[in-house]
Amino acid sequence: MMLPMRGAPLGIDAETTVLLQRFGFDPEAFAALVERLADPKARDNSVRGTLEVPAPGDVVPLAPIGSAERDRLTAIGTEAIASGRVGAIVLAGGMATRFGGVVKAAVPAVLGRTFLDLKLSDLARLAARTSGRVPCWLMTSFATDAEVTELARAYDAPRTPVATFPQMISLRVLPDGSLAKDADGGVSPYAPGHGDLTFALRRSGALASFRAAGGELLFMSNVDNLGATLDPAVIGAHLESGVAITAEVVRKAPNDKGGAPARVNGVPQIVEAFRFPSDFDQDRIPVFNTNTFVLDARAIDRDFDLTYFVVEKVVDGAKVVQFERLVGELTAFLPTRFLEVERSGPDGRFQPVKDPDELASRAPDIEALLRARGVVE
């Protein structure tokens, strides 16, 4: 594939070229990824090296509500929030396809309140309770940026300033490496995964401004997981651990699919489900990743050699290839502890909603846990 030194692949219209440039498209890196497809091994995402289940101490349970240890961790985390050392990141990117083309952040979740409203109300609650300041950044994509940025303006406040920053953009290709086309004959852009997080944070200047203001920790969660509220006890547990990343995990339920903590060449890290070799029994690991993290702002303020995984999908009736990075792979580069949290109930922290059917089934549990925490009345 011929690519110019700057801009976008040849043959793309001016409007699309501007879009690609605005959202950080790198034509040289893209060309290198496409060239990899000529090697069949490039399509094998399996882990390389020695793969083992987590060692004792890799996964630690969060102390239960009402225990002296939970109260102690809560006090530590509350002080950190009150002193302005904690910020939040909400992932609100993607392609806005699961709810009929409506940006998920704007979808009413429970009690007529949107996902974004409930996420940001939780932060406002903590800021008010601690008399602290909790800045929040929403990671958008080219497909969600305009709407999420407009929605965010209504929530910007002195104690909970809200801003957005976009993740990157890329182009789908056909299995032979040629550019895929959409139904109208144009190229087919997509958001290349939440692994863009640290790169986009730095590119936008958000990470630098957070650190310059004394920020130390960033609590990251998905906009569609309303169970992942900012809990001072989780912040306290992270500070006590001394690691760069705390990754929340929960006990597996039947039919669960997702990444899980494992040791690769002795290093504890998140391994995505599709990366486990076929002969590795994933049920040997009883917990899995919720994609909720506490991140040390200083530790993530550098480049990481994250993998662009080859992902095959069917879009507009055609088999296409996407190159995607995943934020969980940061755990392969930085010291990480896995914090086992409750899945459901008053202390539940994992209620993800991927589509309308899942929202309908989870809404009562989500409402109950938000009431228990004082997010809603």
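Index from 1, following the sequence. All values below were derived from every heavy atom in this structure, side-chain atoms included, with hydrogens, water molecules and symmetry-related copies excluded. Because the structure is predicted, anything quoted here is derived from the model rather than measured.
Sorted pairs that involve residues 355-377 and meet ring-ring contact (aromatic ring centres under 6.0 Å, His included), not counting sequence neighbours, are lacking altogether. Pairs passing the ring-ring contact (aromatic ring centres under 6.0 Å, His included) check and including a residue from residues 239-263, sequence neighbours excluded, do not occur.
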request  = Just do the side chain to side chain contact (heavy atoms under 4.5 Å, CB included) check on Arg70 and Leu62 with the steps written out, would you?
outcome  = CA-CA 8 Å; Arg70 181 65 170 258; Leu62 177 63; 3.6 Å; yes
ask   = For Asn291 and Met220, what are the C-alpha separation, side-chain angles and deciding distance, and is it a side chain to side chain contact (heavy atoms under 4.5 Å, CB included)?
value = CA-CA 8 Å; Asn291 212 48; Met220 189 217 88; 3.9 Å; yes
ask   = Does the pair Tyr190 and Phe142 meet the rule for a ring pair (Phe, Tyr, Trp, His ring centres under 6.0 Å), with working shown?
value = CA-CA 8 Å; Tyr190 70 98; Phe142 75 94; 8.5 Å; no
request  = For Glu248 and Val234, run side chain to side chain contact (heavy atoms under 4.5 Å, CB included): C-alpha distance rounded to whole Å, both residues' side-chain angles, the deciding distance at 0.1 Å, then the answer.
outcome  = CA-CA 9 Å; Glu248 294 189 22; Val234 171; 3.6 Å; yes
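With sequence neighbours excluded, the residues that form a side-chain contact (heavy atoms from CB on, under 4.5 Å) with Ala206 are Trp137, Leu201, Ser204. A search for side-chain contact (heavy atoms from CB on, under 4.5 Å) contacts involving Glu342 returns Asp347, not counting sequence neighbours. Under the side chain to side chain donor-acceptor pair (under 3.5 Å) criterion, Glu147 pairs with no residue at all, not counting sequence neighbours. With sequence neighbours excluded, no residue satisfies ring-ring contact (aromatic ring centres under 6.0 Å, His included) with Tyr308. For the ring-ring contact (aromatic ring centres under 6.0 Å, His included) test, residues two or more places apart in sequence or in another chain that qualify with Phe280 are Phe276. Legend: residues meeting side-chain contact (heavy atoms from CB on, under 4.5 Å) with Asp176, ordered by chain and number and at least two apart, are Leu174, Ser178. Partners of Phe323 by ring-ring contact (aromatic ring centres under 6.0 Å, His included), not counting sequence neighbours: none found. Annotation: side-chain contact (heavy atoms from CB on, under 4.5 Å) contacts of Leu306 (sequence neighbours excluded): Phe199, Phe304, Arg325, Glu329, Leu330, Phe333.
At least one donor-acceptor pair under 3.5 Å links the side chain of His194 to the backbone N or O of Val327. Between the side chain of Gln167 and the main chain of Gly193, a donor-acceptor pair closer than 3.5 Å is present. The backbone N or O of Leu334 lies less than 3.5 Å from a partner atom in the side chain of Thr336, making a donor-acceptor pair. Under the 3.5 Å distance criterion, the side-chain polar atoms of Arg343 are left unmatched by any main-chain donor or acceptor of Lys252. When atom types are taken as modelled, the side chain of Arg251 and the backbone of Val287 share no donor-acceptor pair closer than 3.5 angstrom. Judged by distance alone, the side chain of Asp122 and the main-chain N or O of Leu230 form a donor-acceptor pair under 3.5 Å. Without hydrogens or angle criteria, Glu358 side chain to Lys354 main chain gives a donor-acceptor distance under 3.5 Å. A donor-acceptor distance shorter than 3.5 angstrom exists from the side chain of Arg349 to the backbone of Thr229, with no hydrogens or angles considered. A donor-acceptor pair under 3.5 Å links the side-chain atoms of Ser241 to the main chain of Val243, judged by distance alone. No donor-acceptor pair closer than 3.5 Å links the side chain of Arg159 to the backbone N or O of Val134.
In this structure, Arg113 and Val376 have side chains that are in contact, with non-hydrogen atoms separated by less than 4.5 Å. Taking 4.5 Å as the limit, some side-chain heavy atom of Leu138 sits within range of a side-chain heavy atom of Leu116. Side-chain contact between Leu91 and Leu197 is present, with heavy atoms from C-beta onward closer than 4.5 Å.
Environment of CG in Asp305: sparse, with no more than 12 heavy atoms of neighbouring residues, nucleotides or ligands closer than 6.0 Å.
A salt bridge between Arg72 and Glu69 is present, with a side-chain N of the basic residue lying under 4.0 Å from a carboxylate O of the acidic one. Classification of Arg22 and Asp145 as a salt-bridged pair holds, one side-chain N sitting under 4.0 Å from a carboxylate O. Taking a cutoff of 4.0 Å between a charged side-chain nitrogen and a carboxylate oxygen, Arg202 and Asp303 qualify as a salt bridge. No salt bridge links Glu216 with Arg298; every basic N to acidic carboxylate O contact stays at or beyond 4.0 Å. Taking 4.0 Å as the cut-off between side-chain N and carboxylate O, Asp196 and Arg203 do not count as a salt-bridged pair.
Using a 4.5 Å cut-off between side-chain heavy atoms of Ile, Leu, Val, Met, Phe, Trp and Tyr, Val314 forms no hydrophobic cluster with any other residue.
By the criterion of side-chain heavy atoms lying less than 4.5 angstrom apart, applied directly or through intervening Ile, Leu, Val, Met, Phe, Trp or Tyr residues, Val107 is not grouped with Met95; the two fall into different hydrophobic clusters. With hydrophobic clusters built from ILVMFWY side chains whose heavy atoms lie under 4.5 angstrom apart, Val102 shares a cluster with Phe115. Residues Leu226 and Val294 fall within the same hydrophobic cluster, defined by Ile, Leu, Val, Met, Phe, Trp and Tyr side chains chained together at heavy-atom separations under 4.5 Å. Tyr155 and Ile89 fall into different hydrophobic clusters, where Ile, Leu, Val, Met, Phe, Trp and Tyr residues are linked whenever their side-chain heavy atoms come under 4.5 Å apart, directly or through other members. Hydrophobic clustering (ILVMFWY, side-chain heavy atoms < 4.5 Å, transitive): Val341 and Val249 are in distinct clusters.
Taking all atoms of both residues into account, the shortest heavy-atom contact from Pro189 to Ile169 is CB-CD1, 3.9 Å. Annotation for Ala228 and Thr292: closest pair CB-OG1, 3.7 Å, computed over non-hydrogen atoms. The two residues Val271 and Arg275 have their closest heavy-atom pair at CG1-CB, 3.9 Å. Among all heavy-atom pairs drawn from Gly258 and Phe288, the shortest one is CA-CD1, 4.1 Å. Closest approach of Gly348 and Leu369 over heavy atoms only: O-CD2, 4.0 Å. Residues Cys136 and Val90 share a closest heavy-atom pair of SG-CG2, 4.0 Å.
Put simply, the residue from Leu370, Val223, Ile366, Leu111 that forms a side chain to side chain contact (heavy atoms under 4.5 Å, CB included) with Leu118 is Leu370. Considering Leu339, Val250, Asn222 as possible partners of Thr290, the one that fulfils the side chain to side chain contact (heavy atoms under 4.5 Å, CB included) test is Val250.
Ring geometry for Phe25 versus Phe30: interplanar angle of 30 to 60°, hence tilted.
For the residue pair Asp13 and Thr16, a side-chain donor N or O sits within less than 3.5 Å of a side-chain acceptor on the partner. A side-chain donor from one of Ser221 and Lys119 sits under 3.5 Å from a side-chain acceptor of the other. A donor-acceptor contact closer than 3.5 angstrom is absent between the side chains of Arg337 and Thr246. Judged purely by distance below 3.5 Å, without hydrogens or angles, the side chains of Thr149 and Thr164 pair a donor atom with an acceptor atom.
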For residues 47-56, run the donor-acceptor check on the side chains, cut-off 3.5 Å, and write out each pair with its distance to 0.1 Å, sequence neighbours left out.
from	atom 1	to	atom 2	distance (Å)
Arg48	NH1	Ser46	O	2.6

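Ring pair Phe219/Phe293: centre-to-centre distance not below 6.0 Å.
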